[in-house]
Amino acid sequence: MFTIFATELNYNYMAKRVLVPKTRCSGTMSEAAFWSFIRSALRQKSRWWKPISVCKLNARRDYKGINKRQKYEYQCKKCKKWHPEKQINVDHIIPAGSLNTAQDLPLFVERLFCEQDNLQVLCETCHNKKTLKEKQSKKKL
């Protein structure tokens, strides 16, 4: 079986279509879809990894502002500002990397399920800047 992806959309015409073989899950998933599925499942389970909650606990303090619904606020390790929980991310100092083949799996799992010394709390702004910088440096390689 093959999946058809449009490589470029234009209002006047449809560009060339690339046929991608579906080699996984009884012929229903492409290789990219399969590894995306595995990566997503691992990242979802990593949210309950204990060092992540310990990292957040170490960066938090009681909130004393006017918003009665907010209980805690968290300090960004980079900009040192305090933010509500919805505006922070627990970031891997050494990125977990990519998961595109079976050979990537052991290193990805080891880095994703790391200890607290490889984790830091960053606000959304600092996290987005760091992620963009990592993506740009990865493209240069």
Side-chain angles (χ1 to χ4, degrees), residues 1-12 14-141:
M1 295 193 156
F2 292 94
T3 304
I4 299 173
F5 290 103
T7 56
E8 181 181 332
L9 291 176
N10 191 325
Y11 292 108
N12 298 329
M14 194 87 160
K16 293 180 186 177
R17 294 172 185 252
V18 178
L19 297 178
V20 178
K22 292 185 174 181
T23 58
R24 298 285 186 153
C25 194
S26 300
T28 60
M29 291 178 126
S30 66
E31 282 292 311
F34 172 74
W35 288 110
S36 177
F37 171 76
I38 298 296
R39 187 172 47 251
S40 174
L42 287 170
R43 284 200 179 273
Q44 186 177 15
K45 290 300 176 190
S46 76
R47 289 187 297 170
W48 289 279
W49 187 243
K50 187 71 174 171
I52 290 176
S53 58
V54 172
C55 184
K56 283 175 66 174
L57 184 68
N58 291 339
R60 108 179 166 190
R61 72 176 181 189
D62 290 339
Y63 175 71
K64 295 186 178 14
I66 58 173
N67 184 356
K68 299 294 183 194
R69 293 181 183 207
Q70 186 176 338
K71 194 171 183 179
Y72 303 110
E73 58 186 353
Y74 300 83
Q75 188 176 30
C76 174
K77 190 171 184 178
K78 187 156 185 148
C79 69
K80 305 296 184 199
K81 293 179 184 174
W82 292 91
H83 303 275
E85 186 173 17
K86 289 183 179 182
Q87 295 176 2
I88 60 136
N89 292 297
V90 178
D91 177 66
H92 287 81
I93 297 169
I94 300 170
S98 61
L99 179 59
N100 299 318
T101 65
Q103 289 80 20
D104 298 340
L105 191 57
L107 187 59
F108 181 80
V109 169
E110 190 173 325
R111 286 185 177 168
L112 184 64
F113 293 97
C114 63
E115 292 303 318
Q116 186 184 344
D117 59 348
N118 189 35
L119 298 170
Q120 62 185 348
V121 172
L122 295 178
C123 65
E124 288 177 342
T125 306
C126 293
H127 184 261
N128 290 341
K129 286 177 186 176
K130 180 181 183 270
T131 304
L132 183 63
K133 191 176 180 181
E134 288 170 356
K135 286 181 181 179
Q136 288 172 344
S137 67
K138 190 175 180 182
K139 281 184 181 180
K140 289 178 183 177
L141 296 175

- Message: Are the side chains of H92 and C114 in contact, using a 4.5 Å heavy-atom criterion?
- Response: yes
- Query: Which value, rounded to the nearest 0.5 Å, describes the distance between F108 atom CZ and N100 atom CG?
  - Reply: 9.5 Å
- Note on the structure: For C76 and C126 the tightest heavy-atom approach is SG-SG, 3.7 Å
- Message: Could you measure the distance from the CG atom of L119 to the CG atom of D91? Nearest 0.5 Å is fine.
- Response: 8.5 Å
- Message: If we ignore hydrogens and angles and just use 3.5 Å, is the side chain of H127 paired with the main-chain N or O of I88 as donor and acceptor?
- Response: no
- For residues 57-79, the ring-ring contact (aromatic ring centres under 6.0 Å, His included) pairs (sequence neighbours left out) are none
- At what distance, to the nearest 0.5 angstrom, does SG of C55 lie from CD of E115? 12.0 Å
- Are any side-chain N or O atoms of N118 and backbone N or O atoms of I94, one a donor and one an acceptor, separated by less than 3.5 Å? yes
- Message: Looking at F37, is its backbone amide N or carbonyl O close enough to the side chain of S40 to form a donor-acceptor pair, meaning the two atoms are under 3.5 Å apart?
- Response: no
- Task: Salt-bridge test for K138 and E134: reply yes if a basic N is under 4.0 Å from a carboxylate O, no otherwise.
- Result: no
- Determine, stepwise, if the pair K130 / Q120 fulfils side-chain contact (heavy atoms from CB on, under 4.5 Å). CA-CA 12 Å; K130 180 181 183 270; Q120 62 185 348; 3.7 Å; yes
- Which distance, rounded to the nearest 0.5 Å, do you find between the CD1 of I93 and the CZ of R111? 13.0 Å
- Message: Looking at K78, I'd like to know if its NZ atom is crowded, meaning that more than 12 non-hydrogen atoms belonging to other residues, nucleotides or ligands lie closer than 6.0 Å.
- Response: no
- Under the 3.5 angstrom rule, does the side chain of S46 hit a backbone N or O of W49 as a donor-acceptor pair? no
- If you count the non-hydrogen atoms of other residues, nucleotides and ligands that lie under 6.0 Å from CG in L132, is the total more than 12? yes
- Note on the structure: Here the pair of heavy atoms bringing R43 nearest to G97 is NH2-O, 4.2 Å
- Task: Evaluate the side-chain contact (heavy atoms from CB on, under 4.5 Å) criterion for residues E31 and T23: first the C-alpha distance (whole Å), next the side-chain angles of each, then the deciding distance (0.1 Å), finally the verdict.
- Result: CA-CA 7 Å; E31 282 292 311; T23 58; 2.9 Å; yes
- Message: Distance check, rounded to the nearest 0.5 Å: K81 atom NZ versus E73 atom CD?
- Response: 13.5 Å
- Near K80 NZ, under 6.0 Å, is it more than 12 heavy atoms from other residues, nucleotides or ligands? yes
- Message: Check this for me, if you would: do E85 and K56 make a salt bridge, where the nitrogen-to-carboxylate-oxygen distance has to be below 4.0 angstrom?
- Response: yes
- Search all heavy atoms of W82 against all heavy atoms of R60 and return the closest pair with its distance. CZ3-C, 4.2 Å
- Query: Going from CG on L122 to NZ on K77, what distance comes out if it is rounded to the nearest 0.5 angstrom?
  - Reply: 8.5 Å
- Looking only at non-hydrogen atoms, find the nearest pair between L99 and I38 and report the distance. CD2-CG2, 3.9 Å
- Hey, does W35 have a side-chain heavy atom less than 4.5 Å from the side chain of M29? no
- Message: Just so I know, are the side chains of Q75 and V121 near enough to count as touching, which here means a heavy-atom distance under 4.5 Å?
- Response: no
